[in-house]
Amino acid sequence: VIVIGAGVIGLSVAWRAARHGLRVLVLERERPGGGTSHVAAGMIAPVSEAVASERTLLALALASARRYPGWIAELQADAGCETGWLPCGTLMVARDGDEAAALERERAIREELGLEVRRLLPSRARELEPALAPGLRLAVEAPQDHAVDPRALCQALLGAVRARGGELRRASVAGVAVEGGNVAGVRLDDGRLLPAAAVVAAAGVWTAALDGLPPGVAAALRPVKGQLLVLRDAAGPGLLTRVLRGERCYVVPRGDGRYVLGGTVEERGFDRSVTAGALHELLESAVGLLPGVSELVVEETLAGLRPGTVDNAPLLGPAGVEGLHLACGHYRHGVLLAPISGELLGDALAGVGEVPGEFSPQRFQVALR
Ligand code: GLY
C-alpha cells in the first residue's frame, strides 16, 4: 500500500494498515506532519463544533471521539512516546446579551441532538477557570470535548507506523498511475513509477493537484485558510485548564504553558500569509475572554489550509478506480476524525471492513453527470 501524505490522516491510515500486516510506504514531499497538521489546534470537539444540519458528519465525529482514549493508549504503546493528549473538557462562553442568546440557542440545539452540554452560571465558570474575564454573561460546558497536540500526535503516529514495519520516504508525487482501470502505483515528479496494489491519497487539500484522480474530486476540494498564534506563559501552565471557545476565537491549552489561539476562517485560495488584521482580531477577542492572554509571549504566528469540501464532510473510501482510495477533505476536523478515518480505511485495505457510503468520494462524481 502506498499512502500519499504524512499528515495526521495519512499516518493514521498507514498505522492501521501496517497493524493488519500490510506492507506500507508513506510518501511525503515535505516534513512529516509539516502541512495542515502542523498548524491544527487539535480540538477533539464533536459537541462544540457540531452543526445541526450535518448529522451524518456528527455521527462520524462522535464515533471518532469515543475511540480517542483507547486509540491514544495503543498509539503510545506502539510508538513509545507521548501524544499531547489532554482530556480537559471545553467551556463555551458569551460576553454580552447577544452572544448569550446565540450561545443559549447553540446549547439547546445540542441538547436536542442528545449531546452532553451543561449551562453554567458565570460565577461557576470562574470557579472552574479563575482567569476568565469578570462580567461574562453565560457559559456552557462540553465536558467530553478535549484536545491533543497534533505535532506530537504526528510524531507518535510516525513512530508507530515504523514500529509496525511501515516506511516513510521523502518524495514529490505527481499523481496516481492507472492501467486498464486499475491502480498501478504512484508516479513521482521525476517520472519514476512506484508500483503498488493499492494507493491512498491523503494529501489534504493538495490531493486535488494529483493526476489520475476521477473527475469531481478536485472540484470538491478547496483550501480554507486559518490563521492562529501559539502563545507561551513564562510562568508555566495553569492560566487556563480547559479549551475556551468564544464567538470569535478559541484558546487551546497544551498543558505545558503553551496556548493555541485561533482561528480565522477565510476563503483566500492557497494564500498562507499571516496578516496584522487577523492577529489583532484574534488577540482582541481572546483578551476579552481571558485578560491574562495579554501577558503571554507570542511564540509563533501561523496560517494553514483546511481541506474544505462542498458539503464539509470528508472524502473517504474507494474512488471508482480499482485499488484507489481517498482519505482527504476533513475540513475543520482532521485531528478529531483521525482514529475513525484510519480504522475505516485501514480495515478496508485489509479486506476486513467497508467504508460507509455516505462519505464516498464518488458522491461528487455523481453530481457532475
Ligand atoms: N477545528 C478548528 C478549526 O478548524 O479552526
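Whatever order the structure lists ligands and atoms in, that order sets their numbers, starting from 1. Nothing fancy with the numbering, it's 1 onward along the sequence.
- Annotation: side chain of Val199 is not in contact with side chain of Val1 (no heavy-atom distance under 4.5 Å).
- Ranking the protein heavy atoms by distance from atom 4 (O) of ligand 1 puts Arg306 NE, 2.7 Å first.
- Val93 places none of its side-chain heavy atoms less than 4.5 Å from the side chain of Arg245.
- Heavy atoms of Tyr250 found under 4.0 angstrom from ligand 1 belong exclusively to the side chain.
- The Met43 neighbourhood of ligand 1 comprises atoms 2 (C), with distances under 4.0 Å to a heavy atom of that residue.
- A donor and an acceptor atom, one from each side chain of Thr83 and Gln76, are located under 3.5 Å apart.
- In this structure, the protein non-hydrogen atom closest to atom 1 (N) of ligand 1 is Arg332 O, 2.9 Å.
- When heavy-atom distances to ligand 1 are checked against a 4.0 Å cut-off, His333 has no atom that comes that close, whether in backbone or side chain.
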Step by step, would you call Leu344 with Phe359 a side-chain contact (heavy atoms from CB on, under 4.5 Å)?
CA-CA 11 Å; Leu344 291 172; Phe359 304 104; 5.7 Å; no

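- Annotation: atom 2 (C) of ligand 1 to nearest protein heavy atom, Glu49 OE2, 3.4 Å.
- Between the side chains of Ser172 and Asp189, at least one donor-acceptor pair of N or O atoms lies under 3.5 Å.
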